[in-house]
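Okay, so here's the structure we're looking at.
As a basis for the values below, the full set of heavy atoms in this structure was taken, side chains included, without hydrogen atoms, waters or symmetry mates. All residue numbers refer to positions in the sequence shown, counting from 1.
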Amino acid sequence: MIGNRYERIGKEIVNVIGEDNIESYVHCATRLRFSIKDREKIDDEAIEKIDEVKGVFFNAGQYQVILGTGTVNKVYSALRGGQPDQEDEQPKEEAPSNRKDKGLRKAVRTLADIFIPIIPIIGATGLFLGLKGVLFSDALLGLMGMSINDIPSYLQTLISVLTDTAFAFLPALICWSAFRNFGGMPIIGFVLGLMLVSPALPNAYAVADINSGVEPIIAFGFIPIVGYQGSVLTALVVGILGAKLEKKLRAVMPNALDLIFTPFFVLLCMMITGLLILGPLLHFVETGLITVVTQLIHAPLGIGGLLIGFIYPLAVITGMHHLFIMIETTLLSNTGFNPLITLCAMYGFANAGTCLAITIKAKKSTIKVMGASATATQLLGVSEPALFGVVMRYSMKPLYVMIACSAVGGAILSLLNIQANSYGLAVVLSPLMYIYEWNQLVAYIMVSILIFASALIITYLFAVPKEVMVEDQDQKLSKVS
């Protein structure tokens with residue numbers, strides 16, 4: 001019965017777009033993405049009336065139908081007759097709908113495809129870290145007449161397993177996802193990632209600690225060999241190159257030898273390349289990237305936060321916001337904190353406030369219904385219905401208000417030095433990323449409420465589009481009757 005429902009939703013979407021008008025389709029975390037022939041043939045309002053559809057927009061040559069997390073996977077699966085996800089049987093770089101993407105846009109889409117599957121794990125780890133910070137805080141333990149020494153060692157060990165594992169083996173997760181997206185065998189990528197953090201290698205964090213006494217192994221008299229715990233860039237490049245090498249080897253390897261010798265050569269070549277050549281070079285690049293981003297975030301007078309808060313909404317509009325995921329992962333794995341998502345999060349509160357203001361003041365029944373749903377969806381972390389379906393639909397004024405509020409929020413949080421310990425949690429759930437310290441939590445909540453309220457009030461007073469203040473024809477007829 002449930003399967004029939006999602007199949008019906010998928011068929012209704014396809015019928016409105018036109019089966020002959022569709023070249024191909026794929027999906028991301030929240031949207032069905034259709035590569036189409038003629039944009040003008042599609043009736044947006046008809047699609048928006050379909051059950052579970054939260055909005056539509058056209059971007060980068062794709063007609064995108066917003067369904068939300070979870071729902072989109074079920075509708076996509078129903079459209080394909082219950083077959084495996086297309087992403088599992090065709091490399092992302094060869095997916096028909098992505099062939100139009102070139103240059104930077106293609107690179108950003110590739111990064112998103114690799115890092116999005118990892119987000120739930122890092123998000124859950126951040127929650128564990130936050131809970132650990134609360135439970136093991138001196139204030140809470142003091143209320144119970146305890147100290148950290150009173151907590152059994154086995155309990156501390158078990159909690160460390162929850163909080164440390166994902167970051168300890170992050171290169172393995174990244175290599176696994178890179179192989180999966182570039183058409184290689186994910187298990188080869190996973191093992192290759194584990195090699196980068198092998199216990200036989202000096203731990204990268206221990207080497208970085210000058211008081212630990214741990215030194216890198218020197219190969220050939222000048223190449224330092226260490227583990228790459230927390231090294232996002234090294235794992236990413238090694239994973240992509242390894243997947244490409246595997247595909248080339250399989251094309252020439254005799255069938256009788258393929259099963260054993262293709263993995264053998266991939267692991268051997270990429271282990272040597274990763275540990276002796278790329279690793280030392282990319283570690284230097286990654287360290288520089290962290291320094292630049294951190295200095296920008298902490299620039300004087302909150303200028304960095306203002307800039308990031310201004311840029312992020314524009315990045316979402318153009319689809320470039322996925323680039324931030326790699327930077328956030330790098331910050332988390334190397335510093336344990338993620339101030340970047342803190343600044344970007346103000347976009348969600350500003351967008352929700354702007355959307356709600358338009359919804360409250362609008363006289364169009366369609367906008368009231370869509371706006372209420374879009375506001376609720378934005379508060380839960382999916383921004384496209386509010387952004388494309390309400391805020392940008394009739395006028396640019398609401399967009400200007402939203403971007404300005406996002407920028408101001410970023411500046412304030414930058415000045416207060418607020419920083420998350422995770423990512424993947426948006427808007428109403430985002431305070432959970434700050435429960436590790438009460439001062440951080442309270443400050444973040446206060447600024448978030450301020451930005452939401454400011455966007456709502458300013459939009460309501462000055463930026464509600466005139467088009468939404470006109471009643472629908474159906475409303476007028478019902479009043480007359």
Side-chain angles (χ1 to χ4, degrees), residues 126 129-130 133-134 137 139 287-317 320-321 323-354 357 378-379 381 383 399-459 462-463:
L129 285 167
V134 172
S137 68
T287 303
L289 175 64
I290 294 170
T291 302
V292 170
V293 173
T294 303
Q295 289 182 349
L296 174 62
I297 291 171
H298 299 295
L301 305 176
I303 294 174
L306 183 78
L307 183 62
I308 292 170
F310 176 83
I311 290 174
Y312 189 73
L314 302 177
V316 174
I317 294 171
M320 305 293 282
H321 59 298
L323 181 63
F324 286 71
I325 299 175
M326 188 193 79
I327 301 173
E328 291 172 24
T329 307
T330 303
L331 287 170
L332 271 170
S333 61
N334 285 272
T335 69
F337 294 100
N338 183 6
L340 184 58
I341 197 174
T342 302
L343 309 180
C344 297
M346 292 301 98
Y347 153 71
F349 288 98
N351 198 38
T354 302
Q378 170 63 91
L379 290 172
S383 68
L399 178 65
Y400 297 152
V401 173
M402 182 268 285
I403 292 176
C405 289
S406 174
V408 170
I412 296 172
L413 290 170
S414 179
L415 283 169
L416 296 175
N417 196 30
I418 307 300
Q419 50 188 3
N421 72 338
S422 177
Y423 64 43
L425 299 173
V427 199
V428 295
L429 296 177
S430 61
L432 293 173
M433 297 186 294
Y434 305 87
I435 61 175
Y436 68 92
E437 186 176 317
W438 291 111
N439 292 339
Q440 294 272 326
L441 176 63
V442 172
Y444 178 80
I445 291 175
M446 290 179 64
V447 175
S448 300
I449 293 173
L450 172 65
I451 296 306
F452 175 82
S454 299
L456 191 154
I457 294 169
I458 296 172
T459 303
F462 305 108

Between Leu331 and Phe337, does a side-chain contact (heavy atoms from CB on, under 4.5 Å) hold up when you go through it step by step?
CA-CA 6 Å; Leu331 287 170; Phe337 294 100; over 6 Å; no
Go through it in stages, so that I can follow the logic: the residues are Gln378 and Phe349, the test is side-chain contact (heavy atoms from CB on, under 4.5 Å), and I'd like the CA-CA distance, side-chain angles, deciding distance and then a yes or no.
CA-CA 8 Å; Gln378 170 63 91; Phe349 288 98; over 6 Å; no
Take Cys344 and Ile308 through the test side-chain contact (heavy atoms from CB on, under 4.5 Å) and record every step on the way to the result.
CA-CA 7 Å; Cys344 297; Ile308 292 170; 4.0 Å; yes
Could you walk me through whether Ile418 and Ile412 satisfy the side-chain contact (heavy atoms from CB on, under 4.5 Å) test, starting with their C-alpha distance in whole Å, then the side-chain angles of each, then the deciding distance to 0.1 Å, before giving a yes or no?
CA-CA 9 Å; Ile418 307 300; Ile412 296 172; over 6 Å; no
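In this structure, Ser406 contributes its side chain and Gly309 its backbone to a donor-acceptor pair below 3.5 Å.
Pro431 has its side chain within reach of Leu441: a pair of non-hydrogen atoms, C-beta onward, lies under 4.5 Å apart.
Pairing each heavy atom of Gln440 with each of Tyr436, the nearest pair is OE1-OH, 3.4 Å. Nearest heavy atoms, Gly305 versus Leu343: CA-CD1, 3.8 Å. In plain terms, the two heavy atoms of Ser422 and Ile341 that are nearest each other are O-CG2, 3.8 Å. Between Ala455 and Ala350, the closest heavy-atom pair is CB-O, 3.4 Å. The minimum heavy-atom distance linking Tyr434 with Gln419 is given by the pair CE2-C, 3.5 Å. Between Met346 and Gly409, the shortest heavy-atom distance links the atoms CG-C, 3.6 Å.
For the atom pair CD1 of Ile435 and OH of Tyr444, the computed distance is 13.5 Å after rounding to the nearest 0.5 Å. In this structure, Asn334 CG and Ile290 CD1 are separated by 3.5 Å, a value rounded to the nearest 0.5 Å. For the atom pair CD1 (Ile325) and OG1 (Thr330), the distance works out to 11.5 Å, reported to the nearest 0.5 Å. Summarising the geometry, atom CG belonging to Asn338 is positioned 11.5 Å from atom CZ belonging to Phe324; distances are rounded to the nearest 0.5 Å. Taken from CG in Asn351 to CG in Leu379, the straight-line distance is 9.5 Å, to the nearest 0.5 Å. We find the OG1-CE distance between Thr342 and Met433 to be 6.0 Å, quoted to the nearest 0.5 Å.
Each of Ile457, Leu456, Ile458 was checked for a side-chain contact (heavy atoms from CB on, under 4.5 Å) with Val401, and the lone residue meeting it is Ile458. Residue Thr354 forms a side-chain contact (heavy atoms from CB on, under 4.5 Å) with just one option from Leu399, Thr459, Ile403, and that option is Thr459.
Side-chain rings of Phe462 and Tyr400 stay apart, their centers remaining 6.0 Å or farther from each other.
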